[in-house]
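From a predicted model like this one, the values you see are computed outputs, not experimental measurements. Lettering follows sequence order; numbering is per chain, from 1.
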Protein chains: 2
Amino acid sequence: MLVRMTTNATNADGPQVRPRRRAPAGAAVLREDVTEAIRAAVFEELATVGYARMSIEGIARRAGVGKTAVYRRWRSKLHLVLDIVSVIAVQGLPAPETGSLEGDLRMLYEVSSRALRHPVASQIIPDLQAEAARNPEIAEALQKALKQGQEEVALKIVAAAEGRGEVRAGLNEELALDLISGPLYWRSVVIRSPKLPKGYLGALARATTEAIKAL
Amino acid sequence: MLVRMTTNATNADGPQVRPRRRAPAGAAVLREDVTEAIRAAVFEELATVGYARMSIEGIARRAGVGKTAVYRRWRSKLHLVLDIVSVIAVQGLPAPETGSLEGDLRMLYEVSSRALRHPVASQIIPDLQAEAARNPEIAEALQKALKQGQEEVALKIVAAAEGRGEVRAGLNEELALDLISGPLYWRSVVIRSPKLPKGYLGALARATTEAIKAL
DNA sequence: TTACGACGAAACGGTTGCGTTCCGACGACG
DNA sequence: CGTCGTCGGAACGCAACCGTTTCGTCGTAA
């Protein structure tokens with residue numbers, strides 16, 4: 001799985017920590033394995049039926065737990081999904097440092113393309129994307145996840161290239177990010193091509209480099 | 001609206017033309033205004049609640065017609081949406097011919113960006129996109145619509161540039177298309193930036209031109 | 001003038017999910 | 001060894017849609 005939670009460590013939107021009255025209790029504590037089973041079930045459900053059709057009953061069914069176990073942890077489908085998404089967001093990609101813009105881009109693409117063509121991602125992301133258009137909270141969570149996963153790294157790469165004098169200083173960074181992220185996303189998620197032709201990523205990195213140098 | 005149908009002209013997936021027994025009938029014919037009201041309602045419903053949550057009852061309610069009026073025309077939600085999508089697909093964009101790759105791209109972007117930031121499109125497209133991952137029929141219809149609306153034009157532009165010797169002949173056209181379509185889509189649909197900073201499209205066209213020349 | 005069929009409205013029985021409640025069982029902590 | 005709270009399971013009443021059927025109305029082509 002993606003993240004391991006220390007038994008009670010979460011705060012915002014995670015499994016709820018409520019104000020314990022006096023004595024937290026004995027061995028009647030939320031079981032971590034149940035929590036994890038639910039999370040996994042949400043992922044699968046999200047991928048197969050999508051957010052809109054996803055039901056608490058379905059999740060519990062798939063996880064092999066009672067509905068009560070779910071409601072004990074999250075107040076609603078929305079909270080559940082927000083938690084899940086924020087969990088994904090946690091993993092910050094390390095910025096590559098190959099010493100050249102093209103090399104950095106190439107490495108970024110290597111990682112991103114693997115992530116994007118992972119069935120879970122390529123199913124769930126557009127789904128939440130669509131949902132985000134109607135739900136600001138999902139939009140925010142998703143932005144955060146995508147931003148941290150991609151944009152931040154891309155920004156570092158560009159800044160490094162600026163520092164090396166490889167590209168014009170003070171270039172339009174917003175546009176640079178679009179040039180970096182757009183094409184691969186388009187191919188992986190929109191066109192949904194199952195496999196990238198070999199040499200694709202290299203050529204893409206080269207072309208993108210030229211594009212950014214022209215800014 | 002997008003397309004005007006001659007009273008009975010459709011075939012594949014449009015309002016159903018069934019085998020009339022002997023006499024088509026008198027003035028008891030499907031009313032075109034009702035058909036159009038339903039189509040419009042589907043658009044709005046699709047934009048506000050999305051495909052998954054959209055219900056026939058809701059459509060009829062919004063259109064101010066009876067459920068029967070809908071079922072008389074389309075067998076299911078799926079047929080209804082497939083019809084709608086194919087209707088969009090009809091409109092083929094004319095390829096610009098400015099005499100230069102950058103000029104052509106600039107014009108393409110002008111048109112595309114307007115289309116993409118139209119609320120209807122920016123809401124509906126990602127929704128159907130997500131749905132397409134689960135439904136091959138929707139996927140096909142959507143591909144057709146997007147392909148005709150974008151890729152075909154983009155391909156012509158690239159071919160023209162090849163013909164002028166502006167770019168290397170025999171370049172990787174697949175990649176070229178991604179470079180052309182990706183960034184604007186990313187910004188408009190994924191990032192969902194409400195307004196493009198001025199000068200954006202011009203800079204994008206210039207950068208993309210350089211990228212393609214590097215292929 | 002007649003007959004056909006679309007029209008909106010309402011109701012049909014059936015399914016699914018909602019969020020809540022009660023249940024007996026279990027198991028670790030005090 | 002008793003208490004506490006989670007466990008899965010089942011049922012609650014309520015709501016929304018499903019796809020179909022029935023109804024009386026209406027307008028036009030024959």
Side-chain angles (χ1 to χ4, degrees), chain A residues 5 7-8 10 14-42 45-46 48-81 131 135, chain B residues 5 7-8 10 14-42 45-46 48-81:
Chain A
M5 297 172 53
T7 314
N8 256 340
T10 43
Q16 325 221 313
V17 181
R18 23 194 140 97
R20 300 274 160 78
R21 309 181 167 278
R22 198 70 51 87
V29 156
L30 292 177
R31 271 165 50 190
E32 187 63 17
D33 59 326
V34 170
T35 304
E36 220 45 56
I38 295 174
R39 269 202 245 263
V42 170
E45 204 76 353
L46 213 42
T48 58
V49 307
Y51 178 82
R53 287 187 235 267
M54 187 175 72
S55 71
I56 301 286
E57 303 222 353
I59 292 167
R61 210 179 300 132
R62 187 188 287 267
V65 306
K67 273 203 290 181
T68 44
V70 179
Y71 279 111
R72 231 171 259 126
R73 289 167 173 79
W74 294 278
R75 283 191 286 129
S76 70
K77 194 170 78 167
L78 178 60
H79 290 83
L80 184 38
V81 169
E131 207 56 37
N135 190 323
Chain B
M5 297 173 54
T7 313
N8 256 338
T10 42
Q16 324 223 317
V17 181
R18 14 203 150 95
R20 299 275 158 76
R21 307 182 166 278
R22 199 69 53 87
V29 155
L30 292 177
R31 272 164 51 189
E32 187 64 16
D33 59 328
V34 170
T35 304
E36 220 46 55
I38 295 174
R39 269 202 246 262
V42 170
E45 204 76 353
L46 213 43
T48 58
V49 306
Y51 179 83
R53 288 187 234 267
M54 186 175 72
S55 72
I56 301 286
E57 303 222 352
I59 292 167
R61 209 178 302 133
R62 187 188 287 267
V65 305
K67 274 202 291 182
T68 44
V70 179
Y71 279 112
R72 232 173 255 126
R73 290 166 172 77
W74 295 277
R75 283 191 283 129
S76 69
K77 193 170 79 167
L78 177 61
H79 289 84
L80 183 40
V81 169

> What nucleic acid atoms does A:Ser76 come within less than 4.0 Å of, heavy atoms only: base, sugar-phosphate, or nothing?
Replying inline: nothing
> Who passes side-chain hydrogen bond (donor to acceptor under 3.5 Å, both in side chains) against B:Ser55, sequence neighbours left out?
Replying inline: none
>> Run the salt bridge (charged side-chain N to carboxylate O under 4.0 Å, His left out) test against B:Arg61 and tell me which residues pass, sequence neighbours left out.
In response: none
> Does some side-chain heavy atom of A:Tyr51 sit less than 4.5 Å from a side-chain heavy atom of A:Val42?
Replying inline: no
>> Taking side chain to side chain contact (heavy atoms under 4.5 Å, CB included) as the definition, give me every residue that meets it alongside A:Thr68, ordered by chain and number, with sequence neighbours left out.
In response: A:Arg72
>> Has B:Arg39 got a side-chain atom pairing as donor or acceptor with B:Thr35's backbone, closer than 3.5 angstrom?
In response: no
> What is the distance from CD of B:Glu32 to P of C:dC7, rounded to the nearest Å?
Replying inline: 11 Å
> OP1 or OP2 of D:dG5 sitting under 4.0 Å from any side-chain N/O of A:Arg72?
Replying inline: no
>> As a test of reading the structure: which of D:dG19, D:dT21, C:dT20 is closest to the side chain of B:Thr68, going by heavy atoms?
In response: D:dT21
> Between atom CZ in B:Arg73 and atom C1' in D:dT20, what is the gap in whole Å?
Replying inline: 18 Å
> On a plain distance test, is the side chain of A:Lys67 in donor-acceptor contact with the base of D:dG8 below 3.5 Å?
Replying inline: no
>> Can you list everything that forms a salt bridge (charged side-chain N to carboxylate O under 4.0 Å, His left out) with B:Glu45? Sequence neighbours excluded, please.
In response: B:Arg62
>> How many whole angstroms separate atom CG of A:Leu30 from atom C1' of C:dG27?
In response: 14 Å
> Roughly, in whole Å, what's the span from CG in A:Asp33 to C1' in D:dG8?
Replying inline: 13 Å
>> Output the rounded distance in Å from OH (A:Tyr71) to P (D:dG9).
In response: 17 Å
> When you measure from every atom of DNA chain C, which of residues 53-65 of chain A have a heavy atom less than 4.0 Å away?
Replying inline: A:Ser55, A:Ile56, A:Glu57, A:Arg61
> Roughly how many Å is it from CZ in B:Arg31 to P in C:dC4, rounded to a whole number?
Replying inline: 21 Å
